[in-house]
Each structure stands twice: as C-alpha cells, then as structure tokens.
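In what follows, a structure is listed as structure tokens, so that the remarks can point back to it.
Throughout, residue positions are numbered sequentially from 1 according to the sequence presented.
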Amino acid sequence: MSEKREHWSGNWGFLMALAGSAIGLGNIWKFPYVTGKYGGGAFVLVYLCCIMVIGLPILIGELTIGRATGQNPIGAFAALCPKRSKLADFLGGLVLLSGIALITFSQIGYGVLVMILGAVILYGGWKAIGLISGVITPFLILGYYGVVGGWTLIYAVKAVTGNLAFRTAAEAQAAFLPIQEAAPGTWWYVIGGQLAFMTLCGIILWFGVKKGIERCSKVLMPSLFVLLIVLILRSISLPGASAGLKFFLSPDFSKLSAEAVLVALGQAFYTLSLGMGITIVYGSYVKKGTNLPKSVLQLIGLDTMVAMMAGLAIFPAVFAMGFEPAAGEGLVFQILPTAFNMIPGGLGAVWSTVFFIAVAIAALTSGISLMEVIVSVLIDYFGMKRSAAVLLSWISVSVLGVLCSISMSSWENIPWMEKALTSLFGAPPESLFLTLDNLTANWFLPAAGMAISIFLGWVWGVRNAMNEIRQGAGRELDTNFFILLSGMRGESGYGDSYKHIFTPASIWGFFIRFITPISVMFVFLNMTGAIKFN
Ligand code: PHE
C-alpha cells in the first residue's frame with residue numbers, strides 16, 4: 001500500500017457519504033413510480049419489509065467486510081478467506097458447467113462468457129467475487145450511469161438558462177429524443193455532458209476520502225433535502241394536487257401482486273448500492289469505534305425518506321397539470337419539465353432549475369461512489385498514487401461512456417463492435433447502454449448479493465462477522481429483541497441478560513444465512529426469466 005488509508009472524520013461524514021451513494025436516480029425516477037403502480041401505501045409497507053430482509057443484512061455485512069479488512073473488495077475477500085474454499089470451487093464448477101450447457105444449446109456468446117466466469121471463480125475462489133462485484137460491475141455501471149449523469153447536467157444547465165419552457169409533452173419529447181439517442185448532430189453535446197459528469201466525479205475524488213467525497217456530500221446531501229422540500233411545498237399546494245397524492249400513497253392491497261414483491265426486493269437492493277463493492281470500500285474507511293448498525297438504520301431512514309419526498313414533489317405536480325405518470329427517463333426528462341413549466345405564476349424555469357439541480361446532485365454523488373471503488377482497487381492493488389488512480393479510472397470509464405453514448409444512436413457508428421457482438425450473440429443488442437444496464441442490474445447485482453450473503457453466513461462465518469460488528473455497537477446487539485423493544489433494558493433482572501436468543505445479532509445471523517440469500521435468489525430467477533410470477 002503506497003498511501004496510508006484515509007478514514008471518515010466521524011459518524012456524520014460517513015452517513016452523508018453513504019447517503020450520497022444510496023440516494024440516486026433509483027430514489028427519484030424509480031421508487032415513486034413503482035410505488036404508485038403497485039399499490040401506493042401498501043407497496044411502501046412491502047418495500048420496507050424488503051429493506052429489512054435483504055437491504056439491511058447485506059448492507060451491514062458489506063460494511064463489516066470493508067471495516068474488518070480495511071481493504072478494497074478484492075483484497076477484502078482475499079484477507080478473509082486466504083485458503084481455498086470448497087464452496088467456491090463448487091460454485092465455480094457449477095457456473096462452468098452451465099456455460100458448457102449454454103454452448104451445447106448453441107448460445108455460444110453467453111456460454112463462453114459464463115465459462116470464463118466459472119473459470120475465474122475456480123481460479124480465484126472468493127477473491128473472484130471481489131473482482132467481479134468490486135471492479136467489473138462498478139466499471140460497467142459507471143459506463144452507462146455517466147451517460148444519464150450527463151443528461152442530468154445538460155438539463156440542469158438548460159433549466160438555468162430557461163431552455164426547458166415546453167408547452168406540450170410532444171415538445172418536451174422532441175427536445176429530449178436527440179439527446180437520448182445521441183443523434184449525429186447532437187453527439188458532441190451528449191458526449192460533452194457525459195465527460196463533464198465523469199470529470200466532476202474525478203475532480204471530487206482527486207481530493208480524497210475526507211476532503212473530496214465527505215466534504216462534498218456534507219454540502220450536497222442537505223442541499224438536496226432543501227431543494228426537495230421547496231418542490232414539495234410548491235407541488236402539493238397546486239389545485240388538483242390531491243389526485244397525485246392519491247396515486248402515490250393511497251394503499252391498494254389488490255395491486256400487491258407477487259410481481260410487486262419482487263420489484264420491491266430489487267429496488268431495496270439497488271437503492272442501497274449493494275453488490276457493487278461500494279459499501280465494502282466505504283466500510284473500509286470507517287473507524288473501528290463507529291456503530292455500524294446504527295449508521296445503517298439512519299441511512300435506511302434517510303434513503304426511504306428521500307424516496308418518499310421525491311414522490312411528494314413529483315406526482316402532485318404531474319397530476320395537477322393533467323399528465324399521466326410514468327417511470328424513468330420519460331418522467332424525469334419529458335413529463336416533469338413540462339409540468340413544472342406549466343405551473344401558473346411564471347416561475348416555471350425556477351421549478352425546473354430546482355428539480356434538475358436536485359437530480360444532478362443525486363446522480364453525481366452516486367457516480368463518485370462508483371468511481372471510488374475502481375480508484376481504491378488501483379491504489380491498494382497496484383500501489384498507485386490517488387492522483388494516478390483517479391486519472392486512469394477517469395480515462396477508462398470515459399472511453400466506455402463515450403462508446404455507450406455513441407451506441408445509443410446506432411450500432412452503425414461503431415461497426416466493429418456491432419460485428420463482434422453479432423458473431424457472439426447472434427444479433428447485437430439494442431445498444432451498449434441497455435446491454436450494460438441489463439447485464440448489471442439483472443445478473444451481476446443479484447448474483448453478487450447471493451454470493452456475499454453466502455460468504456458472510458457460511459465462509460467467513462456469522463461469529464467472526466458479528467465480533468467485528470460488535471465493535472462500537474454496544475450491547476444492544478446481544479440483548480433479547482423483546483427486552484430491547486419493550487424498553488426494559490437495564491431493568492434489574494431482565495435488562496442486559498446476555499442470552500443469545502432472539503437478539504439483533506442472532507436475527508442478523510439467521511437472515512444472512514437463510515432468508516437473505518433465498519430472497520435474492522427469487523429476484524434473480526425472476527429477473528432472468530427462469531420463473532415468472534403473475
Ligand atoms: N443507490 C443508487 C440509487 O438509488 C443506485 C446507484 C448507486 C447506482 C451507485 C449506481 C451507483 O439510485
């Protein structure tokens with residue numbers, strides 16, 4: 001290691017940095033919509049259960065792996081499992097065999113990819129999980145996240161300069177399509193936005209953990225909060241806002257299908273930035289005395305609150321202005337600017353500006369957390385200086401991002417890649433952007449989630465992990481759950497009874513061994529189409 005590892009300055013800095021990563025586009029463009037679609041308040045309840053079943057156990061686990069080893073994801077797994085692991089060999093073998101099976105079904109491209117994956121796991125053991133989830137995944141995600149990040153910057157600038165004054169949804173669509181599709185005439189524009197986004201991430205990371213990530217999160221996260229409150233006040237005071245509130249929140253248990261539960265599980269996982277090495281790396285900057293479970297509970301509270309706030313800011317305005325709700329880029333880049341622009345009082349540009357600055361903040365702080373994972377591997381593993389590591393990450397991720405932007409227009413712009421993909425997969429996927437999104441969200445993230453909970457529960461072991469978590473966490477972890485909830489802790493005769501029955505520690509162990517991996521497996525099977533619930 002060439003430089004001494006930095007640490008967060010304290011609980012607040014750690015919490016803000018973690019919130020910066022967790023609170024992203026998922027909170028703003030996905031959560032509000034799926035909530036409205038799948039039963040409002042009823043969905044929120046299910047979502048909270050999923051956060052508890054999947055999100056919380058894995059988040060504590062990843063942070064613990066990071067803090068216990070003080071290392072990047074590859075080094076962390078290597079340190080915790082130095083010997084060969086039979087379980088890893090078994091899993092690697094299984095993956096290798098599935099690759100062979102795919103090839104016999106003449107899925108050559110996928111088969112070869114899966115076989116390579118199996119071979120890497122067989123060769124590297126658990127370290128391979130660190131490599132895949134902690135280097136490859138963040139790299140691929142950042143490749144397309146930067147493109148969207150670029151859109152948010154472009155729109156923030158457009159909003160400030162009064163260029164979002166759309167009068168109809170069609171007008172908004174006409175303005176967005178060339179950007180989304182990176183039409184030849186707007187290339188420089190889209191690529192410029194994407195490069196600006198990556199450059200901002202790089203500049204912040206250049207300053208390091210405390211002076212870069214932590215300092216900017218401490219300013220940006222509270223600002224995001226304030227901006228959302230301003231928007232909520234405007235949005236819910238519009239005439240006709242109640243229809244939006246009704247769509248977003250009124251509980252409708254009939255819409256709670258099995259599919260809704262799976263969507264909630266997937267969202268819980270994504271929104272906490274799990275399975276991409278981020279929380280392992282952020283955990284490695286945590287001081288030993290920090291109370292991890294407490295920070296995690298605070299983070300979950302903040303993340304959920306911002307997701308709810310986004311819904312309160314968005315839907316009342318959308319409905320009051322007579323639009324239909326939607327998700328994703330259609331909502332953020334088309335419906336919302338139009339709706340905000342139509343708010344009476346002539347302040348349309350102001351509302352759009354507030355909104356797009358908030359979205360850009362959310363995207364930027366998530367982007368830096370992704371890039372930091374790659375930077376940390378380069379620093380630890382190759383002994384690079386932070387400045388060199390940032391530069392190299394910036395260049396490589398930007399190259400991928402530029403390819404991504406170009407591919408949105410048409411594969412004909414990068415014929416060699418189209419040719420390569422056609423020979424491997426039969427036909428090239430729609431775009432590199434969508435391929436990376438699909439590959440990471442549907443395959444890599446859930447697979448990493450399963451692998452990490454199995455590693456924690458069965459390889460490193462719950463006892464070892466818990467001993468690490470206990471540092472700084474106080475005795476609550478080992479107090480009977482009901483005694484804790486009933487407020488009887490400390491009562492003579494009950495209070496601190498140190499019994500390992502139904503304590504937060506034993507519940508965590510049980511979840512991470514059984515409930516969490518099985519739940520993620522269902523998400524995985526559903527997303528990959530192996531099973532379908534309806
Ligand atoms: N947690 C982020 C969100 O909710 C997702 C994310 C974080 C994606 C970091 C990529 C990188 O939007």
Side-chain angles (χ1 to χ4, degrees), residues 21 24-30 136-159 172-173 175-205 270 273 276 278 327-334 336-337 356-374 393-414 417-418 421 428-442 444-445:
S21 173
L25 296 171
N27 301 56
I28 294 181
W29 83 15
K30 183 106 186 281
I136 299 177
T137 309
F139 180 70
L140 297 180
I141 296 184
L142 197 48
Y144 76 86
Y145 206 81
V147 178
V148 184
W151 297 346
T152 66
L153 291 182
I154 293 174
Y155 266 65
V157 172
K158 279 188 173 218
Q173 191 180 25
F176 180 59
L177 273 189
I179 293 177
Q180 183 184 28
E181 293 181 351
T186 55
W187 268 24
W188 61 272
Y189 196 59
V190 179
I191 290 175
Q194 193 259 128
L195 285 176
F197 182 82
M198 298 293 190
T199 309
L200 279 177
C201 293
I203 291 174
I204 292 164
L205 292 181
Y270 185 77
S273 309
M276 1 180 153
I278 292 175
E329 52 263 44
L331 176 72
V332 164
F333 295 104
Q334 296 178 33
L336 277 170
F356 280 103
I357 291 180
V359 178
I361 289 177
L364 185 69
T365 47
S366 294
I368 61 176
S369 71
L370 277 174
M371 202 187 270
E372 174 64 14
V373 181
I374 305 170
S393 322
W394 177 80
I395 293 174
S396 48
V397 166
S398 297
V399 169
L400 183 65
V402 168
L403 288 178
C404 241
S405 305
I406 301 176
S407 80
M408 299 284 282
S409 168
S410 154
W411 282 112
E412 281 161 33
N413 298 314
I414 19 180
M417 193 174 268
E418 182 183 21
L421 289 169
E430 214 174 310
S431 69
L432 185 59
F433 180 92
L434 292 175
T435 313
L436 293 182
D437 182 13
N438 170 34
L439 198 68
T440 50
N442 297 346
F444 283 25
L445 295 185

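Listed by chain and residue number, Ile28 satisfy the side-chain contact (heavy atoms from CB on, under 4.5 Å) test with Ala362 (two or more places apart in sequence, or in another chain). Judged as a ring pair (Phe, Tyr, Trp, His ring centres under 6.0 Å), and not counting sequence neighbours, Tyr145 has no contacts. Here Ser369 pairs with Ser21 under the side-chain hydrogen bond (donor to acceptor under 3.5 Å, both in side chains) rule; sequence neighbours left out. Residues forming a side-chain hydrogen bond (donor to acceptor under 3.5 Å, both in side chains) with Ser396 (at least two apart in sequence, or on another chain): none. Leu364 pairs by the side-chain contact (heavy atoms from CB on, under 4.5 Å) definition with Phe197, Leu200, Cys201, Ile204, Leu220, not counting sequence neighbours.
Heavy-atom minimum distance, Ile154 versus Val190: CD1-CA, 4.2 Å. The two residues Gln194 and Val402 make their nearest non-hydrogen contact at NE2-N, 3.4 Å. Ile406 and Ile191 get closest at one heavy-atom pair: CG1-CD1, 4.2 Å. Cys404 and Val147 make their closest contact through CB-CG2, 3.9 Å (heavy atoms, listed as atom of the first residue, atom of the second, distance). Of all heavy-atom pairs between Phe356 and Val332, the closest is CZ-O, 3.2 Å. Closest of all the heavy-atom pairs between Leu331 and Pro337 is O-CD, 4.4 Å.
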| request: Step by step, work out the side chain to side chain contact (heavy atoms under 4.5 Å, CB included) result for Trp394 and Leu205. | output: CA-CA 10 Å; Trp394 177 80; Leu205 292 181; over 6 Å; no
| request: Step by step, work out the side chain to side chain contact (heavy atoms under 4.5 Å, CB included) result for Leu142 and Met371. | output: CA-CA 7 Å; Leu142 197 48; Met371 202 187 270; 3.7 Å; yes
| message | Test side chain to side chain contact (heavy atoms under 4.5 Å, CB included) on Val157 and Leu153; report intermediate values, then the result. | response | CA-CA 6 Å; Val157 172; Leu153 291 182; 5.6 Å; no
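Evaluation of the side chain to side chain donor-acceptor pair (under 3.5 Å) test over residues 146-159, restricted to residues two or more places apart or in two chains, returns none.
Side-chain atoms of Phe333 and Gln180, non-hydrogen and from C-beta on, never get closer than 4.5 Å to each other. Between Trp29 and Val359 the shortest side-chain heavy-atom distance does not fall below 4.5 Å.
Checked against Leu370 for a side chain to side chain contact (heavy atoms under 4.5 Å, CB included), the options Thr137, Ile141, Val397 give a single hit: Ile141.
Rounding to the nearest 0.5 angstrom, the gap separating the CZ atom in Phe139 from the CG atom in Leu436 is 9.0 Å. Here the straight-line distance linking atom CG of Leu400 with atom OG of Ser405 works out to 9.5 Å at 0.5 Å rounding.
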